[in-house]
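Accompanying notes for the structure given below.
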There are 2 protein chains.
Amino acid sequence: MKISEAAAASGCHLETIRYYERVGLIPSPNRTGSGYRDYTLADVERLRFVSRGRELGFSLEEIRSLLRLNDDPKLSCSDVDALARVHLTDIHQRIEALTRMAGELERVIAQCAGGERGTCTILGALRHTGHDVTSCADPGCRP
Amino acid sequence: MKISEAAAASGCHLETIRYYERVGLIPSPNRTGSGYRDYTLADVERLRFVSRGRELGFSLEEIRSLLRLNDDPKLSCSDVDALARVHLTDIHQRIEALTRMAGELERVIAQCAGGERGTCTILGALRHTGHDVTSCADPGCRP
DNA sequence: GCTTGAGTCTGTAGCGGCTACGGACTTTAC
DNA sequence: GTAAAGTCCGTAGCCGCTACAGACTCAAGC
């Protein structure tokens with residue numbers, strides 16, 4: 001199977017596949033006589049593994065670990081579980097940070113909306129200290 | 001004011017300040033006789049503006065636009081409003097994507113927890129097609 | 001057999017937003 | 001006077017790709 005077919009079958013972009021090979025995430029596939037990469041179904045499955053891992057937000061290093069855990073059935077399932085839980089915690093933290101951002105942004109936008117006057121509350125929030133147009137719970141906000 | 005003081009006063013890391021200068025986000029400050037950067041309060045305010053913009057998740061290019069809008073009071077407040085709304089939509093989309101990830105991950109983790117058996121459902125979810133251990137609403141999931 | 005176009009090859013550079021050096025200089029503290 | 005800390009500049013690295021350039025190979029049509 002050629003690289004373009006492997007790309008279509010795995011959901012990875014063609015250039016991304018070459019990149020994964022370069023960084024050692026997937027093994028180098030066989031080559032045809034003329035030097036073209038020749039992928040097996042097993043190769044494609046590995047690529048799909050990586051692709052699904054990325055969809056779940058795992059880093060390439062995490063996926064590297066997951067692949068190792070997957071390759072060696074003697075290794076413990078609880079390591080996989082631990083890795084996934086750490087990753088989940090990280091995702092939750094990112095969601096929290098973004099939610100905070102969104103909330104703050106919504107507040108300053110709401111105050112600005114419709115205001116054609118010279119003083120823009122959004123710019124004001126960026127200019128002035130301590131979010132003084134809002135109520136910031138963080139004591140570090142006030143200087 | 002020296003760069004380390006400007007860093008402390010603005011909340012930007014010292015090396016980050018030099019970076020912002022290099023990419024033209026902030027103007028080059030005055031220099032002392034010996035070539036040290038010498039920041040004014042206006043410089044620090046600009047840095048704080050950038051720092052707060054980053055806290056709200058704006059990209060440096062967005063902040064560049066906001067600075068321009070801020071510098072020229074003749075420009076319309078509604079441009080600021082529009083920029084902020086686009087950014088807010090983007091944040092909401094990122095939250096949504098992360099929430100989807102977290103949900104899926106929670107599902108496979110829940111099925112795996114406590115399982116010391118050889119077949120790990122987390123690895124299974126990564127290996128096998130179409131999230132067959134879950135219920136995926138996306139028709140593209142099934143091949 | 002020959003041409004054309006599409007696919008593939010390698011290597012390198014770029015993105016964003018920093019961060020971290022190395023080696024030279026200056027300032028500060030004792 | 002000397003040692004330590006701060007600053008300077010330039011460059012390279014991080015992640016996870018993506019996009020070239022310039023050389024090749026392959027498949028289809030004539």
Side-chain angles (χ1 to χ4, degrees), chain A residues 1-26 28-39 43-44 46-67 86-87 90-91 94 97-98 101, chain B residues 1-26 28-39 43-44 46-67 86-87 90-91 94 97-98 101:
Chain A
M1 189 188 292
K2 286 187 211 164
I3 192 167
S4 60
E5 296 167 297
S10 68
C12 297
H13 190 280
L14 188 147
E15 308 244 32
T16 305
I17 294 178
R18 288 201 273 250
Y19 170 72
Y20 287 162
E21 182 186 337
R22 198 161 59 242
V23 299
L25 203 59
I26 55 163
S28 299
N30 293 330
R31 297 287 182 135
T32 65
S34 61
Y36 280 24
R37 287 172 180 81
D38 189 15
Y39 293 91
D43 290 328
V44 171
R46 205 170 179 85
L47 283 169
R48 294 183 70 97
F49 189 104
V50 176
S51 171
R52 280 193 216 98
R54 292 295 296 144
E55 279 167 20
L56 289 175
F58 286 102
S59 73
L60 293 190
E61 281 317 302
E62 286 171 325
I63 291 172
R64 202 187 291 274
S65 298
L66 289 169
L67 281 167
V86 167
H87 176 54
D90 179 55
I91 292 180
R94 278 149 69 193
L98 285 172
M101 270 184 207
Chain B
M1 187 188 291
K2 287 188 212 162
I3 192 168
S4 60
E5 296 167 296
S10 68
C12 297
H13 190 280
L14 188 147
E15 309 244 32
T16 306
I17 294 178
R18 287 202 272 250
Y19 171 71
Y20 288 162
E21 183 186 336
R22 198 160 58 241
V23 299
L25 202 59
I26 55 163
S28 298
N30 293 331
R31 298 287 182 136
T32 65
S34 60
Y36 280 23
R37 286 172 181 82
D38 189 16
Y39 293 91
D43 290 328
V44 170
R46 205 168 179 86
L47 283 169
R48 293 184 69 97
F49 188 105
V50 176
S51 170
R52 280 192 217 99
R54 292 296 295 143
E55 281 166 20
L56 288 175
F58 287 102
S59 73
L60 294 191
E61 281 317 302
E62 286 171 325
I63 291 172
R64 203 187 291 274
S65 298
L66 289 169
L67 281 167
V86 167
H87 177 52
D90 179 55
I91 292 181
R94 278 149 69 194
L98 285 172
M101 271 185 206

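Lettering follows sequence order; numbering is per chain, from 1. Quick note: numbers below take in every heavy atom, side chains included, and nothing from hydrogens, waters or symmetry partners. Note that the coordinates shown come from a computational prediction; the quantities given were computed from them, not determined experimentally.
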Handout entry: B:Arg31 vs D:dC9: side-chain N/O to OP1/OP2 distance below 4.0 Å
Key = yes

Problem - Ionic contact status for A:Glu55 with A:Arg52, cut-off 4.0 Å - result: no

Practice task
Please tell me if the side chains of A:Leu47 and A:Asp43 come closer than 4.5 Å, counting only heavy atoms from C-beta onward.
Solution key: no

Practice task
Under the salt bridge (Lys or Arg N to Asp or Glu O under 4.0 Å) rule, collect the residues that match up with A:Arg54, sequence neighbours excluded.
Solution key: none

Problem - Net bend of the helix from C:dG1-D:dC30 to C:dC30-D:dG1, end axes of five pairs each, nearest 10 degrees - result: 10°

Exercise for the section: Any chance you could measure A:Arg31, atom CZ, to A:Arg37, atom CZ, to the nearest 0.5 Å? Expected result: 4.0 Å

Completion exercise
Sorted by chain and number, sequence neighbours left out, side chain to side chain donor-acceptor pair (under 3.5 Å) with A:Arg18 holds for none

Practice task
Would you kindly give the CZ-to-P distance between B:Arg22 and D:dG10, to the nearest whole Å?
Solution key: 9 Å

Fill in the blank from the handout: Taken in chain and number order and not counting sequence neighbours, the residues that satisfy side chain to side chain donor-acceptor pair (under 3.5 Å) with A:Asp90 are A:Arg94

Practice task
Round to a whole Å and report the spacing from CZ of B:Phe58 to C1' of C:dC18.
Solution key: 20 Å

Handout entry: Minimal non-hydrogen separation, B:Ile91 against A:Leu98, with atom names
Key = CG2-O, 3.6 Å

Practice task
Compare side-chain N and O positions of B:Arg37 against OP1 and OP2 of D:dC8 and report whether any pair is under 4.0 Å apart.
Solution key: yes

Handout entry: Test side chain to side chain contact (heavy atoms under 4.5 Å, CB included) applied to B:Ala7 - qualifying residues, sequence neighbours left out
Key = B:Leu14, B:Ile17

Problem - Interatomic distance where CD belongs to A:Glu55 and P belongs to D:dC17 [whole Å] - result: 11 Å

Practice task
Look at all strands and tell whether A:Tyr20 reaches a base, only sugar-phosphate, or nothing, counting heavy atoms closer than 4.0 Å.
Solution key: sugar-phosphate

Pairs under 3.5 angstrom, nitrogen or oxygen only, protein versus nucleotides 27-30 of chain C, please.
{"from": "C:dT27", "atom 1": "OP1", "to": "B:Ser34", "atom 2": "OG", "distance (Å)": "2.5"}

Exercise for the section: Enumerate the residues from residues 3-13 of chain B whose closest heavy atom to DNA chain D is under 4.0 Å, giving them by residue number; use none for an empty result. Expected result: B:Ile3, B:Ser4

Dump every N/O contact between nucleotides 2-4 of chain D and the protein below 3.5 Å, one line per pair.
none

Completion exercise
Here the distance between atom C1' of C:dT8 and atom CE of A:Met1, to the nearest Å, is 16 Å

Handout entry: Whole-Å distance separating the OH atom of B:Tyr19 from the P atom of D:dG10
Key = 16 Å

Exercise for the section: Answer whether the closest heavy-atom distance between the side chains of A:Tyr20 and A:Leu60 falls below 4.5 Å. Expected result: yes

Problem - Partner residues of B:Ser28 under the side chain to side chain contact (heavy atoms under 4.5 Å, CB included) criterion, sequence neighbours left out - result: B:Glu21

Exercise for the section: Please report the shortest heavy-atom distance between A:Ser51 and A:Cys12, naming the atom on each side. Expected result: CB-SG, 3.9 Å

Exercise for the section: Please name all residues satisfying salt bridge (Lys or Arg N to Asp or Glu O under 4.0 Å) with B:Asp38, sequence neighbours left out, ordered by chain then number. Expected result: none

Practice task
Starting at CZ of B:Phe49, measure out to CG of B:Leu66 and round the result to the nearest 0.5 Å.
Solution key: 5.0 Å

Practice task
Kindly say whether A:Ser59 contributes a backbone atom to a donor-acceptor pair with the side chain of A:His87 at under 3.5 angstrom?
Solution key: no

Exercise for the section: Determine: side-chain N/O of A:Ser59 to OP1/OP2 of D:dC15, distance under 4.0 Å, yes or no. Expected result: no

Practice task
Rounded to the nearest angstrom, tell me the gap between atom CZ in A:Arg94 and atom C1' in D:dC15.
Solution key: 12 Å

Pull out every protein N or O sitting under 3.5 Å from an N or O of nucleotides 21-24 of chain C, one pair per line with the distance.
none

Exercise for the section: List in chain and number order the residues that pass side chain to side chain donor-acceptor pair (under 3.5 Å) with B:Glu5, two or more places apart in sequence or in another chain; answer none if no residue qualifies. Expected result: none

Handout entry: A:Arg54 CZ - D:dT18 C1' separation (whole Å)
Key = 14 Å

Fill in the blank from the handout: To the nearest angstrom, the CG-P distance between A:Leu25 and D:dC17 comes to 9 Å

Problem - Atom pair CD1/CG of B:Ile63 and B:Leu56 - distance to nearest 0.5 Å - result: 8.5 Å

Practice task
Find the distance between CZ (B:Arg64) and CD1 (B:Ile26) and round it off to the nearest 0.5 Å.
Solution key: 11.0 Å

